[in-house]
Amino acid sequence: MRHIISILMENESGALSRVAGLFSARGYNIESLTVAPTEDGSLSRMTLVTHGSDEIIEQITKQLNKLIDVVKLNDLNMNQGNVNHIEREMMLIKVKHGSLRDEVSRLVDIFRGRIIDVDEHSYTVELTGTSDKLDAFIRALETDTILETVRSGVMGICRGEGALKL
Amino acid sequence: MELSGAEIISTFLADEGVEYIFGYPGGSVLHIYDALFKQDKVKHVLVRHEQAAAHAADGYARSTGKVGVVLVTSGPGMTNAVTGIATAYMDSIPMVVISGQVPTAMIGSDAFQEVDSVGISRPCVKHNFLVKKLEDLAPTLRKAFYVASTGRPGPVLIDIPKDMTDPNVKMDYVYPSNVSMRSYNPNIKGNHKQVKKAVKLILSAKKPVMYTGGGVVLSNASNELRKIVDRLNLPITQTLMGLGAYPGTAKRSLGMLGMHGTYEANMAMHETDVLIAVGARFDDRVTGNLEKFCPDAKIIHIDIDPSSISKNVKVDVPIVGDVEEVLTDLITVLDELGVNEDETRFTNWWKEIEDWRKKKCLSYKKKKDVIQPQSVVEKLYKVTKGKAFVTSDVGQHQMFAAQYYLFDEPRQWINSGGLGTMGFGLPAAMGVQLAHPEATVACITGEGSIQMNIQELATCLQYGLPIKIINLNNKYLGMVRQWQEFFYEGRYAMSYMDTIPDFVKLAESYGHVGMQITNPADTEDALKEAFAMKDKLVFLDFLTDREANVYPMISAGKGHHEMQLAPESELI
């Protein structure tokens, strides 16, 4: 099953490589990983998407907790299903519009995206949503019109008052 | 007190109560060596190869329970130490490794003797640090000792760039007695409800088995373990790492379990209905085929590391906590329930076990003309009255040592269990002998393993370490040869060394005493003679039966009940 694991970790050099190294050393897979400092400059927040059986996910969270730089973590899918968290991914995608300027523009509107740059041959589109939605947008475009895509990886947060905090 | 970084290190080590550090100098650590030279509280032991520094610190740590300390230079100094660090990591041994690094400004420039020590060591340390500011140095050293010695212990590396130890840059130093790390709080106390549940399960068992490992030794929980086992009349089997926590000579001890465990221990594992795993991690050498592992058992697992629990084997009653704390709690629960010592508890189960014992699975055929390796270990036991510290290398001799030297005390048996590092035995024995100058220390080894750190014979002479080296020389890499005999139709690929040194002359050239023993009848006298030389290192080269095998053996894919026994034992 797919799990989103949120991690608060010490904002120190090498902390990221400890997590990445753990995954490669133990043969766990990482689907996406995103990390940036939080409002507390001494902490970074990482969101990691991985796949595995319950046993493997249990090991992953235990092994992550064992890393000295990991302060706290939360498996957003733990016994809660998908309803109890919100996830978003952001994509910047550059599309050749050719003679189909209006059609591409309408498609962006349908997906609640924004065109953030234009030139005579291309649009650069900003799109936010679940990974599924971003995938759907890509599918809706003709493959040979896509010049470049860049995706942030998934960020997640739990619904309601619950917070991953010190 | 205004001190340079180098002086902070030497002063800190003294304040931390460090008695010995094991190391080898080089460019990046010259300032540190200069500071050590000017003080006399911390004694430095000069090894002949950095791997041996780590193993010696490891032997020191295993035999005392204190943190072993290593000092090596950047680049090859650190990479040479990696095998020793990984050895300590796999067996959860508290160790602090200080490695020199090129000056901060040169990091990343492929400078002379530069390697990414933090990167290289990362997968085989509990944690590591790169010191980038002088004011971080003392607190980082303190954190390193704290992390290494608490929770599930392990090695911690501190990489210190040369400019951090510059004698001209000084700052105020106070020993940082407090250490707090918000991200590191090992769970010491076990959950009391779980402990009660475990006791209930044990008392309801018909065929319980206690299976204990190195965690009992690390946590100094030997007394508590003995109380519980004796009070409940439990059969106990110990892993290679756990031997000695419960006396090997006691009647409730079934000996070691696993790949080369005893028949009674492995059969009991197969038949048990309640398995009590304490400070053990269900290693593949212990479990054999997981599909066939303890098919009828409910499993209780006590361990300080949550990630050890249900890693390889799903357990029914997990208890996360320090083994000593949890066992103490368990004794309290037994007291509350009024459970007293009862020799008749589990009588039927003991009858079954006694039948398995009758197989005498460790019996072997003695020959008149050639020394059996097992008999050397048995004679060693006799001559040292079972009281020696025994270190070993890795291979057949290690298994013979574990099977035939019945350890009665924890920390008496010192070997590389997890990583299986050849070359461990001699340097580890140095650490043990330094920590226990009056004790008898024997290193059981083979002609393959001993050559992997033979240069340490020089260190032994320099520091007057009267270790007795018991070399079981069969002119084969014995364990490799055994596998090739069993699984590769006797094709002995590279398990035979065509040229082996004359160990007697070799020992003598290093300034020690060398003896070669070829006649089985001389075994005991030779050992007596060697151990009578109290202040001499004696290298005893026993030429043993070349094709002796280690039995019992569980082959890959087999379960505990599918042991291969020695051909001799069938005859009995």
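A note on names: the letters A, B, ... follow the listed sequences, proteins ahead of strands, and every chain is numbered from 1.
- A:Thr61 does not touch chain B: none of its heavy atoms, backbone or side chain, sits under 4.5 Å away.
- There is no contact between A:Glu12 and chain B, counting heavy-atom distances below 4.5 Å.
- A salt bridge links B:Glu16 with B:Arg142: at least one charged nitrogen is closer than 4.0 Å to a carboxylate oxygen.
- Residue B:Leu130 does not touch chain A at all, counting heavy-atom pairs closer than 4.5 Å.
- Contact annotation for A:Ser24: neither backbone nor side-chain heavy atoms come within less than 4.5 Å of a heavy atom of chain B.
- For B:Tyr184 and B:His127, the distance between ring centers is not under 6.0 angstrom.
- Ring orientation note: the planes of B:Phe145 and B:Phe12 are tilted relative to one another, at an angle of 30° to 60°.
- A:His3 pairs with exactly one of A:Val49, A:Ile56, A:Asp75 by the side-chain contact (heavy atoms from CB on, under 4.5 Å) rule, that one being A:Asp75.
- Interface remark: B:Asn185 contributes no atoms to any contact with chain A (heavy atom separation under 4.5 Å).
- In this structure, A:Lys96 contributes its side chain and A:His121 its backbone to no donor-acceptor pair below 3.5 Å.
- Contacts between A:Leu22 and chain B at a heavy-atom distance below 4.5 Å are absent for every atom of the residue.
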